[in-house]
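Encoded as structure tokens, the structure appears first; notes follow it.
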Protein chains: 2
Amino acid sequence: MNSVKIAQIAASEGREVELRGWLYNKRSSGKLHFLQVRDGTGVIQCVVFKDDVSPEVFSQCDHLGQESSLVVSGVVRREARSPIGYELSVRQMECLQEAEGYPISPKEHGVSFLMEQRHLWLRSSRPHAVLRVRGEVLKACRDFMEREGFLLVDAPIFTPAACEGTSTLFETDYFEQKAYLTQSGQLYMEAAAMAFGRVYCLGPTFRAEKSKTRRHLTEFWMIEPEMAFCELDEDMEVAEGLVFHVVQWVLEHCQRELQVLERDLKPLERIAKPFPRVSYDQAVEQLKEQGSDIQWGQDLGGDDETLFSSRCDSPVLVHRYPAQVKAFYMKGDPQDSRLALCVDMLAPEGYGEIVGGGQREDDLQTLEGKIDAHGLPRETFAWYLDLRRYGSVPHAGFGMGIERVVAWLCGLHHVRETIPFPRTMQHLYP
Amino acid sequence: MNSVKIAQIAASEGREVELRGWLYNKRSSGKLHFLQVRDGTGVIQCVVFKDDVSPEVFSQCDHLGQESSLVVSGVVRREARSPIGYELSVRQMECLQEAEGYPISPKEHGVSFLMEQRHLWLRSSRPHAVLRVRGEVLKACRDFMEREGFLLVDAPIFTPAACEGTSTLFETDYFEQKAYLTQSGQLYMEAAAMAFGRVYCLGPTFRAEKSKTRRHLTEFWMIEPEMAFCELDEDMEVAEGLVFHVVQWVLEHCQRELQVLERDLKPLERIAKPFPRVSYDQAVEQLKEQGSDIQWGQDLGGDDETLFSSRCDSPVLVHRYPAQVKAFYMKGDPQDSRLALCVDMLAPEGYGEIVGGGQREDDLQTLEGKIDAHGLPRETFAWYLDLRRYGSVPHAGFGMGIERVVAWLCGLHHVRETIPFPRTMQHLYP
């Protein structure tokens with residue numbers, strides 16, 4: 001007998017099949033045991049009727065602990081009351097391992113306890129749903145990039161220098177040199193964009209941030225597209241197109257998961273292109289009206305982002321921040337030298353920044369001046385300066401944080417639930 | 001006028017279009033300049049006829065340096081002698097930046113020099129072709145996994161412990177603890193397989209190996225599938241299916257790139273399923289016949305792999321190595337306690353190991369014994385042991401090295417050319 005997956009059970013209606021999985025939950029009444037069995041693709045109720053099975057099997061069900069591993073055979077029956085429409089009438093059951101004392105019971109546990117049990121917690125319905133959404137978000141990102149003609153170019157993890165400031169770098173000994181873990185693949189993507197036109201990387205990035213906010217991990221995944229012959233307006237359009245595509249894809253492919261997470265779909269279904277474009281100046285004005293004490297010239301803090309985006313129905317593109325709060329590689333605004341040609345996208349419902357990017361400085365002398373002004377070592381950036389020496393062109397790109405997008409789409413408070421094994425200041429285990 | 005990509009130029013035959021790119025090569029003769037322009041999607045010959053353009057444009061072409069950035073307008077003409085079937089009759093040209101002294105001329109350079117110029121070398125036709133093949137290999141891997149019902153589950157990079165031995169670990173300070181960069185996502189994939197059935201990770205992994213061989217990088221990408229309810233035979237079938245799919249996909253989608261690389265296609269076209277299965281015992285016998293001094297009980301060294309696989313027409317699955325040369329988590333062979341239920345796949349034409357995997361030890365006490373015997377700290381593996389405590393099932397998986405597969409498919413001697421920014425003992429820059 002071939003074993004089947006619960007997700008494909010409908011195709012076997014009326015036939016005897018074998019399922020392989022784990023006991024997720026159980027209740028018994030007299031001559032019946034109802035075993036909820038999960039196999040990673042779904043959960044099905046397996047009905048063990050005393051007269052249908054051997055006495056050994058029936059009595060084994062009495063003391064079967066949660067997460068015991070099972071091979072169950074039986075007939076697939078249509079059952080209107082089942083969430084998946086089918087249940088299994090058990091004929092035979094083999095228990096591979098009787099589990100005892102599984103630490104995560106169906107009752108409520110604190111997140112801190114569950115995080116320590118992350119290797120087991122993954123089996124529960126909530127993390128299960130979140131990580132399936134994550135998988136679809138990553139797929140949607142890649143599909144969009146491919147459709148738009150971007151080549152995947154993996155950025156290196158070991159780098160000889162800092163890109164976003166040195167205070168939040170992880171450092172390692174590298175054969176008697178120092179190497180740092182990348183904070184962003186952007187500089188490398190700029191080199192690749194000059195070779196391939198449109199490129200992106202999608203990989204882990206690292207920040208040794210001491211902050212314990214709900215938006216930060218020390219290890220997080222980013223997608224970073226970069227485009228040659230591209231200016232800020234087109235950059236914003238591509239970011240908008242990517243986010244819109246991801247939202248539509250998840251709405252279409254993750255209905256069941258979003259239901260498990262009790263995500264209100266209306267705010268997601270409402271999202272339409274174009275997303276509003278708001279200048280930093282306008283955003284500061286609005287924040288002041290909302291009661292923030294932000295002053296012109298300051299970056300938007302986490303609280304400002306929450307405040308601003310809690311009033312929004314759509315992701316908003318906030319552009320042209322003051323150059324002083326942005327990285328050295330941002331191109332200055334020719335219309336107003338105080339500003340940078342940059343953009344952040346803030347997700348609605350208080351989620352805040354999910355995208356940051358902009359146009360890159362493409363003039364050699366200006367860039368050299370900025371590197372000096374930021375006190376960065378010119379020799380480390382020699383290769384990066386070469387890109388302005390040999391065929392410099394206007395170019396732009398952005399980074400989108402995968403975990404923040406997943407948190408928003410799933411309606412989660414904290415990004416730590418959006419990655420299989422989260423790494424924070426406190427958590428390096430399991 | 002809309003700008004078009006060279007790869008889509010055929011659609012614009014007979015029309016005037018704008019191209020944006022870089023000068024790749026040039027020759028001139030009297031009233032004509034022939035500019036080879038690349039835009040990342042292809043290279044096209046742009047013909048500048050003196051009578052068709054302004055005197056300024058024509059004379060600018062005289063001294064235009066390699067990699068100058070250009071916006072060229074002209075009419076797309078069919079041209080049988082062109083490798084892409086079309087050329088451009090130039091009407092107008094704007095040079096965004098005149099590049100001078102580009103260090104990589106069309107003449108031959110040593111690989112060591114080119115590696116130092118990797119940020120620019122990416123623009124040349126050879127690395128261009130290799131990285132496009134890499135992109136398709138990664139896509140083919142993901143497509144196969146998706147088709148076979150595997151969920152992408154990203155493994156963490158920071159880990160509290162070593163999986164493949166401590167001598168080759170990169171270490172970093174992690175908020176007053178020590179963290180290590182992952183050498184493999186496998187242990188985490190085992191946890192995820194118990195939650196989702198079939199999972200895989202695809203990300204960078206790290207080994208601080210002091211070896212300077214053509215098969216090693218300090219930072220390399222691996223795809224690591226893991227399957228619950230899976231034994232060695234099925235594991236080999238999945239690895240075979242993945243490699244076969246990747247080969248077919250590349251043959252179908254990378255004809256042009258493989259031609260640029262002068263790859264002989266016959267050895268790839270010959271590959272068919274099933275791949276030969278050979279036991280370690282048989283492999284050792286064959287190696288001895290071929291003149292190797294390998295003794296039963298030793299691992300296959302790089303030279304042995306080259307020797308063995310240079311005689312093969314197909315990837316070969318070598319299974320059941322002596323347990324003593326394999327990692328602690330390998331399941332012992334119930335037929336012969338000296339052996340492990342493991343498999344390596346060796347690529348033909350002397351390329352050697354591209355896949356390593358096997359069935360995992362699923363018995364709690366046996367695994368505890370192995371952890372002790374290997375002198376590993378049990379508390380670090382407490383979570384991993386939990387997987388054998390709560391619903392243990394037979395499970396198996398493998399890792400496939402992306403760079404080694406790309407090197408083989410492209411026919412490259414050294415893996416360093418298969419990753420955008422290679423990291424070796426000597427190379428951390430650019």
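Throughout, protein chains are lettered first and strands after them, A, B, ... in sequence-line order, and every chain is numbered starting at 1.
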Would B:T380 and A:Y429 count as having a side-chain donor-acceptor pair, cut-off 3.5 Å?
no
Between B:T424 and chain A, which part of the residue has a heavy atom less than 4.5 Å away: side chain, backbone, both or neither?
backbone
Chain B heavy atoms under 4.5 Å from A:R388: which part of the residue, side chain, backbone, both or neither?
backbone
Give, as side chain, backbone, both or neither, the part of A:L23 having an atom under 4.5 angstrom from any heavy atom of chain B.
neither
If I measure from the heavy atoms of chain A, does B:A228 come under 4.5 Å with its side chain, its backbone, both, or neither?
side chain
Contact class of B:I157 relative to chain A, heavy atoms under 4.5 angstrom
both
Interchain contact, B:L138 with chain A, by part (heavy-atom threshold 4.5 Å)
side chain
Given a strict heavy-atom distance threshold of 4.5 Å, which part of B:L70 is in contact with chain A: side chain, backbone, both, or neither?
backbone
Which answer fits A:E116, side chain, backbone, both or neither, if we ask what part of it has an atom under 4.5 Å from a heavy atom of chain B?
neither
Can you tell which part of B:L202 gets under 4.5 Å to a heavy atom of chain A, answering side chain, backbone, both or neither?
backbone
Given that the side chain runs from C-beta out, which part of A:L151 has a heavy atom under 4.5 Å from chain B: side chain, backbone, both or neither?
side chain
Work out which heavy atom in B:W221 is nearest to a heavy atom in A:G203; give both atom names and the distance.
CH2-CA, 4.4 Å
Please find the pair of heavy atoms, one from A:R142 and one from B:R142, that lie closest to each other, and give the distance.
NH2-NH2, 2.8 Å
Qualifying residues under salt bridge (charged side-chain N to carboxylate O under 4.0 Å, His left out), relative to A:E171, sequence neighbours excluded
A:K178
B:Q177 versus chain A, the contacting section by heavy-atom distance below 4.5 Å
side chain
Determine whether B:F158 and A:F421 make a side-chain contact, defined as any pair of heavy atoms from C-beta on separated by less than 4.5 Å.
no
Would you name the heavy atoms of A:S69 and B:V393 that are closest together and state the gap between them?
CB-CG1, 3.3 Å
Could you report the tightest heavy-atom contact between B:A192 and A:L122, atom names first, then the distance?
CA-CD1, 4.2 Å
With only heavy atoms counted, which part of B:P422 is less than 4.5 Å from chain A, the side chain, the backbone, both or neither?
neither
Is it the side chain or the backbone of B:D39 that comes within 4.5 Å of chain A heavy atoms, both, or neither?
backbone
Pick one of side chain, backbone, both or neither for A:Q8, based on which atoms fall under 4.5 Å of a heavy atom in chain B.
neither
Rounding to 0.5 Å, atoms CG (A:L131) and CG (B:L152) come to a distance of 10.0 Å
Under 3.5 Å, is there a donor on one side chain and an acceptor on the other for B:T218 and A:Y174?
yes
Restricting to non-hydrogen atoms, name the atom on A:G391 and the atom on B:W22 that form the minimum distance, rounded to 0.1 Å.
O-NE1, 2.8 Å
Closest heavy-atom contact between B:E209 and A:F175?
O-CZ, 3.6 Å
Taking A:K5, A:Q426, A:M194, A:E67 one by one, which has the highest count of heavy-atom pairs under 4.5 Å against chain B?
A:M194
Student check: side-chain heavy atoms of A:Y102 and B:D386 closer than 4.5 Å:
no
Checking heavy atoms, do the side chain of B:P156, its backbone, both or neither come under 4.5 Å from chain A?
both
Using a 3.5 Å distance criterion without hydrogens, assess whether the side chain of A:H119 forms a donor-acceptor pair with backbone atoms of B:Y188.
no
Heavy-atom distance under 4.5 Å to chain A: side chain of B:Q117, backbone, both or neither?
side chain
Using non-hydrogen atoms and a 4.5 Å limit, figure out which bit of B:E176 sits close to chain A: side chain, backbone, both or neither.
neither
Please list, chain by chain and in numerical order, all residues satisfying salt bridge (charged side-chain N to carboxylate O under 4.0 Å, His left out) with B:E379, sequence neighbours excluded.
none
Using a 3.5 Å distance criterion without hydrogens, assess whether the side chain of B:R389 forms a donor-acceptor pair with backbone atoms of A:A99.
no
